[in-house]
Amino acid sequence: MDFLKDIYGDYKSYIGKMAEISGWVRSLRVSKNFGFIVLYDGTFFKTIQIVFEEDLENFKELSKVTIGSSLIVSGTIVESPGANQDFEMKASSVKIINIADQDYPIQKKRHTLEYLRTVAHLRPRTNTFTAVFRIRSLLAFAIHKFFVEKGFVYVHTPIITGSDAEGAGEMFKVTTLDLLNTPLNEEKNIDYSKDFFGKEANLTVSGQLAVENFCWAYRNVYTFGPTFRAENSNTQRHASEFWMIEPEMAFADINDNMSVAEEMIKYIFGYILESAPEEMEFFEKFIEAGVIEKIKRIVDSEFKRITYTEAIDILEKSGEKFDFPVKWGIDLQTEHERFLTEKHFNAPVFVIDYPKEIKAFYMKMNKDNKTVAAMDLLVPGVGEIIGGSQREEDHTALKKRIEEMGLNEEDYWWYLDLRRFGSVVHSGFGLGFERLIMYLTGMKNIRDVIPFPRTPNSAEF
RNA sequence: UCCUCGGUGGCUCAACGGCAGAGCGGGUGACUGUUAAUCACUAGGUUGUAGGUUCAAAUCCUACCCGAGGAGCCA
């Protein structure tokens, strides 16, 4: 068996030689005495054109195969007289493996992405999705490669968490209790001591608190896995199940944090440009004109770094009319973020040192006692792609913050312990894997970069 | 969750109170190099669901369901 990946790698050495290819029909055009089949074999983004003539014993049968059918084709690789391909295969025999039923939902025409979501089991066969999901795979590999090369240790933080205090959003409950007959305690609340884990359990919303513990063992660590948010958010950028990359570094402050984030983005983007040129060309042509140039510019550019206070200043002086008035202390709205990254800088920009009131309890208090060492990375088109911070490493200060935010100290006993046994300055961030894919490919909806997306009211497949 | 727009054949859409249509796809046939091939013929519909108004509803009204865009929450 020969593979398109290899043939495309050096097609000239195949010219005039026999080859055998197995794959699926993407398109078929037949005349009286000959026909063309466009075949993909899964190993490469590009397809091969099979030319077949009436001397084939199953010519009649073959000229009736449907889109999606599977074939094994033997023939000679020849230079193609056609304009759209350098080479093609002249078939000497074609074995029909399976003829797709004629109601195959993927047609030889453009479908809307919304329609393709309703046939998510079939959409990876289309050009768009075959490209998206190959990029997704390569990107995951590139992330591991980057961190491993830098000496980070990959930590598998739990998916089911006994902590309901990760502080990043609504959680999905994990239970084996009979929902029609839940045991109640004396206060008439659900008695979780009777549940599977003997306590309340949830799907994780973030691996951060867990991964921080491993910092004290390996210095530089990261977790990369699925996370879950039971938020009823219906946007192009949110899903109920998504993947996050969360590095955490000991002896690293917020500046080190930004440097690693920037280095990582550049590294993985460079990796994709190199390893998936065919897919990127496709996105350039059909999804977002200019996307390749956009990614190249990121790889070569210096990310901007401004403080929240400077950001507010820029927004106030911009003369722009915002729906939400700008004032020091507000949380930046989508329209503000977009203005900064798309209009003002037209580049990725780190915004740091946010007011403590609008950020999480574990973030390092700055000397001004008003702001914390938080950082968000904003990118054009997608908005917030990274959220991170330097962590509060002082035991007393962290306890105080937990109290101030009205949280329950007991829930954080092990997290607080880190600050008692060899505490150090440390920092980390969370990167939305899907948002990264969206930015790279130009795909506009998170549902179209997840194989089987989960969103409110939608868990088909 | 809120605001806006939409739901008509397998897909993409038209018809916007008065005969439910087109292109693509499917089927049948024609065609000696196609590239989303081309050409001819043909089958295919309880107009998202449930009510209501009307002589008459895809079209107007009400509720619900589903989808999209925007907002909030965030990654």
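Throughout, protein chains are lettered first and strands after them, A, B, ... in sequence-line order, and every chain is numbered starting at 1.
Nucleic acid contact class of A/V30 (heavy atoms, under 4.0 Å, all strands): base. Across all strands shown, A/N234 has heavy atoms under 4.0 Å from base atoms, whether or not it also approaches the sugar-phosphate. Within the 4.0 angstrom heavy-atom criterion, base atoms lie near A/Q49. Among the atoms of the strands shown, none is found under 4.0 Å from any heavy atom of A/T227. Residue-level contact check: A/F34 touches the backbone only, with heavy atoms under 4.0 Å from sugar-phosphate atoms and none from bases. Base engagement by A/E88 is indicated by at least one non-hydrogen atom pair under 4.0 Å involving a base atom. No engagement by A/L436 is indicated, since no non-hydrogen atom pair under 4.0 Å with the nucleic acid exists.
For the pair A/L28 CG and B/A37 C1', the computed distance is 11 Å after rounding to whole Å. Computed from coordinates, the A/E170 CD to B/U1 C1' distance equals 12 Å when rounded to whole Å. Rounded to whole angstrom, the span from the CD atom of A/E337 across to the C1' atom of B/G70 amounts to 15 Å. Note: CG (A/L116) to P (B/G25) measures 16 Å, nearest angstrom. As rounded to whole Å, 12 Å separates atom P of B/C74 from atom CG of A/L332. Atom C1' of nucleotide B/A68 and atom CD1 of A/I446 are separated by 16 Å, given to the nearest angstrom. When rounded to the nearest whole Å, the span between CZ of A/F242 and C1' of B/C74 equals 8 Å. Distance, A/Q236 CD to B/G67 P: 15 Å, rounded to whole Å.
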Expected output check: what is the dot-bracket annotation of RNA chain B, where ( ) and [ ] are pairs inside the strand (brackets for crossing ones), | is paired with another strand, and pairs are Watson-Crick or G-U under 3.5 Å? (((((((..((((....[..)))).(((((.......))))).....(((((..]....))))))))))))....
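Between A/R29 and B/U34 there is no side-chain polar atom (N or O) within less than 4.0 angstrom of OP1 or OP2. OP1 or OP2 of B/G26 has not a single side-chain nitrogen or oxygen of A/K108 nearer than 4.0 Å.
Cation-pi geometry between A/K359 and A/Y354 is met: under 6.0 angstrom from the ring centre, within 45 degrees of the axis.
Using a 30° and 60° split on the angle between ring planes, A/F141 and A/Y271 fall in the tilted class, from 30° to 60°. A/F303 and A/F350 have tilted rings, their planes meeting at an angle from 30° to 60° on a 0 to 90° scale.
Atom name P, nucleotides B/U54 and B/C73: the rounded distance is 48 Å, in whole Å. Atom name P, nucleotides B/A36 and B/U42: the rounded distance is 28 Å, in whole Å. Atom C1' of B/C55 sits at a distance of 24 Å from the matching atom of B/A50, rounded to the whole Å. The same atom, P, is picked in B/G7 and in B/C16; the two are 14 Å apart, to the nearest Å. Of the P atoms belonging to B/C3 and B/C64, the separation is 12 Å, rounded to the nearest Å. When the P atom is compared between B/C60 and B/G17, the two are found 7 Å apart, to the nearest whole Å. Comparing the same atom, P, in B/U53 and in B/U46 gives a spacing of 25 Å after rounding to whole Å.
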Quick one: what's the B/S/- string for nucleotides 8-13 of chain B, heavy-atom cutoff under 4.0 Å, read 5' to 3'? --BBS-
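Near RNA chain B, meaning a heavy atom under 4.0 Å from it, residues 62-85 of chain A has A/K64, A/S80, A/P81, A/G82, A/A83, A/N84, A/Q85 in order of number.
With A/S458 contributing its side chain and A/R454 its backbone, the two residues share no donor-acceptor pair below 3.5 Å.
Between the side chains of A/N257 and A/N255, no donor-acceptor pair is found at a separation under 3.5 Å.
Between A/R401 and A/E392, none of the side-chain N atoms (NZ, or NE/NH1/NH2) sits under 4.0 Å from a carboxylate O, so this pair counts as no salt bridge. With salt bridges taken as basic N to acidic carboxylate O contacts below 4.0 Å, none links A/K285 and A/E281. Looking at A/K46 and A/E278, no side-chain N of the basic residue comes within less than 4.0 Å of a carboxylate O on the acidic one, giving no salt bridge. Electrostatic pairing of A/R237 and A/E384 does not count as a salt bridge here, judged by no charged N lying under 4.0 Å from a carboxylate O. Salt bridge status for A/D448 with A/R123: present, with a side-chain N to carboxylate O gap under 4.0 Å. Using a cutoff of 4.0 Å between basic side-chain nitrogens and carboxylate oxygens, A/E54 and A/K60 are not scored as salt-bridged. Ion pairing of A/R229 with A/E241 is absent here, as no side-chain N (NZ or NE/NH1/NH2) approaches a carboxylate O to less than 4.0 Å.
In this structure, A/F147 has its ring center at least 6.0 angstrom away from the ring center of A/Y154.
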